[in-house]
Number of protein chains: 2
Amino acid sequence: MGEATIRDVARRAEVSVASVSRALNGLNNVRGETRERIVAAAKELGYVPHAGARSLSLARAHAIGVVLPDLHGEFFSECVRGMDREASRRGYVLLLSNMHDDSEQSAAALRTMRGRVDGLLVMAPHITPESLERALPAALPAVLINAPGEVAARPALRLDNHAGAHAMVEHLLAGGYRHIVHIAGPESNVDAQERLQGYRDALAALAPDMPVRVIAGDFNEEAGEAAARQILASHEPCDAVFAANDMMAIGCLHTLRQAGKRVPEDIAVAGFDDVPLARYLALTTIEVRIAEIGARAVSRLVDMLEGKGPGGGVELYAPELIARATTAARTGATAHG
Amino acid sequence: MGEATIRDVARRAEVSVASVSRALNGLNNVRGETRERIVAAAKELGYVPHAGARSLSLARAHAIGVVLPDLHGEFFSECVRGMDREASRRGYVLLLSNMHDDSEQSAAALRTMRGRVDGLLVMAPHITPESLERALPAALPAVLINAPGEVAARPALRLDNHAGAHAMVEHLLAGGYRHIVHIAGPESNVDAQERLQGYRDALAALAPDMPVRVIAGDFNEEAGEAAARQILASHEPCDAVFAANDMMAIGCLHTLRQAGKRVPEDIAVAGFDDVPLARYLALTTIEVRIAEIGARAVSRLVDMLEGKGPGGGVELYAPELIARATTAARTGATAHG
DNA sequence: TTGTATGCGTTATCAA
DNA sequence: TTGATAACGCATACAA
């Protein structure tokens, strides 16, 4: 009942399995006529090599394990899309596993990868370096994406959140905004941490006299709405909001407008990520080319696997600011407002 | 250098590999004291079973191959998320492969799955049943999602596009709209075909005196923009547009508004899919619970693999209409206009 | 150029 | 209760 094996092909072509293997793998030490017979037999039987057996024999699975957290939709798919594109280009398959917040589950996810993949791509913005290092099989090559801190000299790709946040604060100041409030992401999330720090540092460097004001959030839209209500209720001045991601910015935007505020005339709003929604709402944000990062991560990992590169080092990806209507410059504003 | 194998554990515990296998797999025919020694040795060596070897021996990989087309972002991720959730719940891993339009690549994608997975989940709204049947390994259980036609009695999950489109036309007519134009999706896409047919059938059944007018599209925003321009330039009456998906509806919506049309006062607009954007633009649409479909597909496949179900048959998923502002009822409208 | 035999890491069968 | 050993499907060193 099962599929044809290499032995069936050998029998049909009246040769040994070794010859079949050689012929089908394109080795040159096989006579032309023999090869033809083998190829014909394989075709007739619809023979497809058993990848599992093959990888056991070769000690290469030509598969890459991908461990991602529960990302926001668009982000997740774009990342996987970029990875898949590069992986299939280089002859690898992707083994996917969502990593849930539970670090126990994460470890289990990593374990099931053993013996199925040649290397790992791990995005873990919320796991401590220590527990990540513990869960990561030492012998398995891995590329880390947006992991906090340095993990055991593993090659890593990181979004330059700090630079992005810095650029955004600079942009707002240049537009004439002075009292910039930051809605932060989850404290345990390294992206959120770096964006917050970028905000702080930019303010300290470019407008040291202006107040630093941070409202806690969790990357969800509701947090943005709550922050907006807090800002509206407060008596402290605020002419611009910089949220740590677009979803919070969007929630904030809506709540402000519903309360009768004009954006950006009364108060500017900016986000981070450039989700598709951002374009439609004309929300100023920071573009994160996540698909590109995913593809690059695969490329680096495959280079390692094939001994083509040293692998080491952290690569930083600079995101780009997309200025839109929600932060249009105040009339008469100058760069040094 | 490599990871510890079962033999290393056996050596360390001073038992045979057979005992190690038994102990670690929870068989009861192993003495308590022996089991403890084995477990201890495994832990000390950080032993993790080699899934590849295991699946070769068991003839079960505990992996599911997922072949998806190049879906719109949110759709793709939601689908995979639903699948992953159910798969990990039932102890399976997902092997992912984007299937590009090229049917050659698709066949290749399916081939690389052989020997790695126990079953297949295939979403192929744009491949003919014949070529899909040809590419599908006969011996591999598979569940089809939104595949055109019946493929070799494979169990299938399908979105009831026809019912969704029908419901939308009914909704528009009830709102007092009479001249409803449909912007179709790609001709080769079965979802698009069914939505178009639903539109035709609903109109024929509920408003046979009203004109059927279809503008060709391709599911992209630009097609919606082009359709809007066509509608604006035309002298034929049109008070509602029903696009085969949200992206085209959104493109249409923007172009109409930019041309000074009021929506829905001058012309109503509706889509299909309920992408996140739709909510923000208050676009009436049809909600497609794609994650649920993905999870259900996994569930059915695993049932088949574990002999728990017959598997056969086509399951239809009824989508739900989400009425929003872009199709608000005309003042004074009645259900029978 | 071809075939034989061994190993990849596991599980399962059969004896002991 | 344990151990030796034959699969699983393939690739490859070595012989012929």
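Reckoned from all heavy atoms, side chains included, excluding hydrogens, waters and symmetry mates. The chains referred to below are lettered A, B, ... by the order of the sequence lines, with proteins before strands, and numbering in each begins at 1. Please read these numbers as outputs of a predicted model, since none were measured by experiment.
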Point-to-point distance, once rounded to the nearest 0.5 Å, from CZ of Arg12(B) to CD1 of Ile38(B) =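 Reported to 0.5 Å precision, the distance equals 13.5 Å.
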note = Angle separating the five-pair end axes of the helix from dT1(C)-dA16(D) to dA16(C)-dT1(D), nearest 10°, is 50°
Non-neighbouring partners of [X] that pass salt bridge (charged side-chain N to carboxylate O under 4.0 Å, His left out), sequence neighbours left out:
X         : answer
Arg300(B) : Glu315(B)
Glu14(A)  : none
Arg7(A)   : none
Arg22(B)  : none

request  = Name the first nucleotide and the last nucleotide along DNA chain C (5' to 3') that come under 4.0 Å of a heavy atom in chain A.
outcome  =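 So the outermost contacting nucleotides come out as dT1(C) to dT10(C).
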inquiry  = Just to verify, what does Ala192(B) make a side-chain contact (heavy atoms from CB on, under 4.5 Å) with, not counting sequence neighbours?
reply    =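 Scan of Ala192(B) (side-chain contact (heavy atoms from CB on, under 4.5 Å), adjacent residues dropped) gives Pro186(B), Asn189(B), Phe219(B).
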message = Short of 4.0 Å, heavy atom to strand atom, which residues of residues 45-60 of chain B count as contacting DNA chain C?
response =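 Output list: Tyr47(B), Val48(B), Pro49(B), His50(B), Ala53(B), Arg54(B), Ser57(B), Leu58(B).
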request  = Specify the residues of residues 110-120 of chain B, ordered by number, for which at least one heavy atom lies under 4.0 angstrom from an atom of DNA chain C.
outcome  =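 Within this stretch, nothing sits under 4.0 Å of the strand.
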inquiry  = With a strict under 4.0 Å distance from non-hydrogen atoms of chain A, what nucleotide opens and what nucleotide closes the contacted stretch of DNA chain D, reading 5' to 3'?
reply    =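 Listed 5' to 3', the contact boundaries are dC8(D) to dA13(D).
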Nearest heavy-atom neighbours spanning [X] and [Y]:
X         : Y         : result
Asp160(A) : Leu316(A) : OD2-CD2, 3.5 Å
Tyr47(B)  : Ile6(B)   : CE1-N, 3.4 Å
Ser299(A) : Glu86(A)  : CB-OE2, 3.8 Å

request  = Indicate yes or no for a side-chain donor-acceptor contact from Asp118(B) to the backbone of His62(B) under 3.5 Å, with no hydrogens or angles considered.
outcome  = yes
query = Is a side-chain N or O of Ser55(A) found less than 3.5 angstrom from the main chain of Gly52(A), in a donor-acceptor match?
reply = yes
request  = Could you list the residues that satisfy ring pair (Phe, Tyr, Trp, His ring centres under 6.0 Å) with His50(B), not counting sequence neighbours?
outcome  = none
remark   = Contact check, residues 16-38 of chain A vs DNA chain D, heavy-atom distance under 4.0 Å, returns Ala18(A), Ser21(A), Arg22(A), Asn25(A)
query = Are the charged groups of Arg90(B) and Asp303(B) less than 4.0 angstrom apart, N to O?
reply = yes
